[in-house]
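Some notes on the structure that comes next.
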Amino acid sequence: MRLFTMAALAAATLPLAACLGGGGDNDGDLPENFEEIADLYDAAEDGELEEASEDMMSGEATLAGALVIFDVGEDDEEELEVIGDLTLDANFTTNEVTGGATNFGIYNEDEELEETIAGSLEVEGEITGTTMTADFWGTLTDDEDHYVNMQTTEEGGTFYDADGDLAVVGDIEGTINDENEGASIDDYYEGAFVAIEE
């Protein structure tokens, strides 16, 4: 059994830009900054963004966006995405980042909310230069509890200058604990996060 057992649903794999919908009251509406976040992710992937300057990375900043966990379907025909609202508080004086992700849901290829998920994830990490490393952990619940333990990948997240606004883009990986016939199983998952200064 994979994460969040659901009825059979044929869905194609979503690129991150297509699935950054999460959010709000889990009513299926895209966030107000959906287009901005999607464009930001694409630009970062294509190497079109400059890293943030020292002036931008001073004092404190609050960034908002989305956290995505890829491919949570039970088989190859059910590659759904778990998406939640992400808030990060970056302190460039102490070089610490904290935050959380809430309002999770499972989304299909049409950006439609299939199922809401209770629970939240905490975020805690460090800032080195323009790189952010962090842990993402907590419990998400459908009909069962699933403990999430994920981290930024080796490259970490990167702070960028997004047309004068501070932004961060990165990939995550780690495990989600599930129960399979009474046995505790840690399954490996990958995901990503994008946030821009409010």
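- Between Glu173 and Tyr189 the shortest side-chain heavy-atom distance does not fall below 4.5 Å.
- Put simply, the side chain of Asp46 never gets that close to the backbone of Glu48: no donor and acceptor are under 3.5 Å apart.
- When side chains are defined from C-beta on, Leu166 counts as touching Met57, because their heavy atoms get closer than 4.5 Å.
- For the atom pair Leu40 CG and Leu49 CG, the distance stands at 6.0 Å (nearest 0.5 Å).
- Shown here for Ala167 and Leu63, the closest heavy-atom pair between the two residues is CA-CD2, 3.9 Å.
- Rounded to the nearest 0.5 angstrom, Met150 CE and Ile69 CD1 are separated by 5.0 Å.
- Leu140 and Ser120 get closest at one heavy-atom pair: CD2-N, 3.8 Å.
- Scanning all heavy atoms of the two residues, the minimum distance from Val123 to Ala134 falls at CG1-CB, 4.0 Å.
- Of all the heavy atoms in Thr133 and Gly156, the pair that sits closest is CG2-CA, 4.5 Å.
- Distance CD1/Ile196 to OG1/Thr62: 13.5 Å, rounded to 0.5 Å.
- Taking 4.5 Å as the limit, every side-chain heavy atom of Asn91 sits out of range of all side-chain heavy atoms of Asp89.
- Across Ile37 and Gly65, no two heavy atoms sit closer than the pair CD1-CA, 3.6 Å.
- Looking at heavy atoms from C-beta onward, Phe104 lies in side-chain contact with Leu121 at the 4.5 angstrom threshold.
- Distance check, rounded to the nearest 0.5 Å: CD of Glu126 to CD of Glu124 gives 9.0 Å.
- The side-chain heavy atoms of Glu81 and Phe70, taken from C-beta on, include a pair separated by under 4.5 Å.
- Using a 3.5 Å distance cut-off with no hydrogens or angles, the side chains of Asp145 and Thr139 do not pair a donor with an acceptor.
- Atom CG of Asp135 and atom OG1 of Thr152 lie 7.0 Å apart (nearest 0.5 Å).
- Within the model, atoms CG of Asp163 and CG of Asp165 stand 7.5 Å from one another, a figure rounded to the nearest 0.5 Å.
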Item to check | Asn108/Glu114 under side-chain hydrogen bond (donor to acceptor under 3.5 Å, both in side chains): CA gap, chis, key distance, verdict | outcome: CA-CA 7 Å; Asn108 66 24; Glu114 292 292 331; 2.4 Å; yes

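- Contact annotation: the side chain of Phe193 approaches that of Ile172 to within less than 4.5 Å [non-hydrogen atoms, C-beta and beyond].
- For the pair Asp85/Asn103, a side-chain contact is recorded, criterion being any heavy-atom separation below 4.5 Å from C-beta on.
- Counted by atom type alone, Tyr160 and Glu50 present zero donor-acceptor pairs between their side chains at under 3.5 Å.
- Here the two rings, on Phe159 and Phe92, have centers that are under 6.0 Å apart.
- Checked by atom type and distance alone, the side chain of Thr128 never pairs as donor or acceptor with a backbone atom of Thr131 at under 3.5 Å.
- Contact record, Glu197 with Ala61: OE2-CB, 3.7 Å, taken as the closest heavy-atom pair.
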Next on the checklist: Run the side-chain contact (heavy atoms from CB on, under 4.5 Å) test on Thr158 and Val168 for me, step by step, so that the C-alpha distance in whole Å, both residues' side-chain angles and the decisive distance to 0.1 Å come before the verdict.
Outcome noted: CA-CA 5 Å; Thr158 302; Val168 64; 5.9 Å; no

Next on the checklist: Go through it in stages, so that I can follow the logic: the residues are Ile117 and His146, the test is side-chain contact (heavy atoms from CB on, under 4.5 Å), and I'd like the CA-CA distance, side-chain angles, deciding distance and then a yes or no.
Outcome noted: CA-CA 11 Å; Ile117 303 169; His146 306 273; over 6 Å; no

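- Counting heavy atoms from C-beta outward, Glu115 and Asp142 have side chains that approach closer than 4.5 Å.
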Next on the checklist: I'd like to know whether Tyr107 forms a side-chain contact (heavy atoms from CB on, under 4.5 Å) with Leu113, so could you lay out the CA-CA distance, the side-chain angles of the two residues, the decisive distance to 0.1 Å, and finally the verdict.
Outcome noted: CA-CA 5 Å; Tyr107 288 77; Leu113 180 68; 3.6 Å; yes

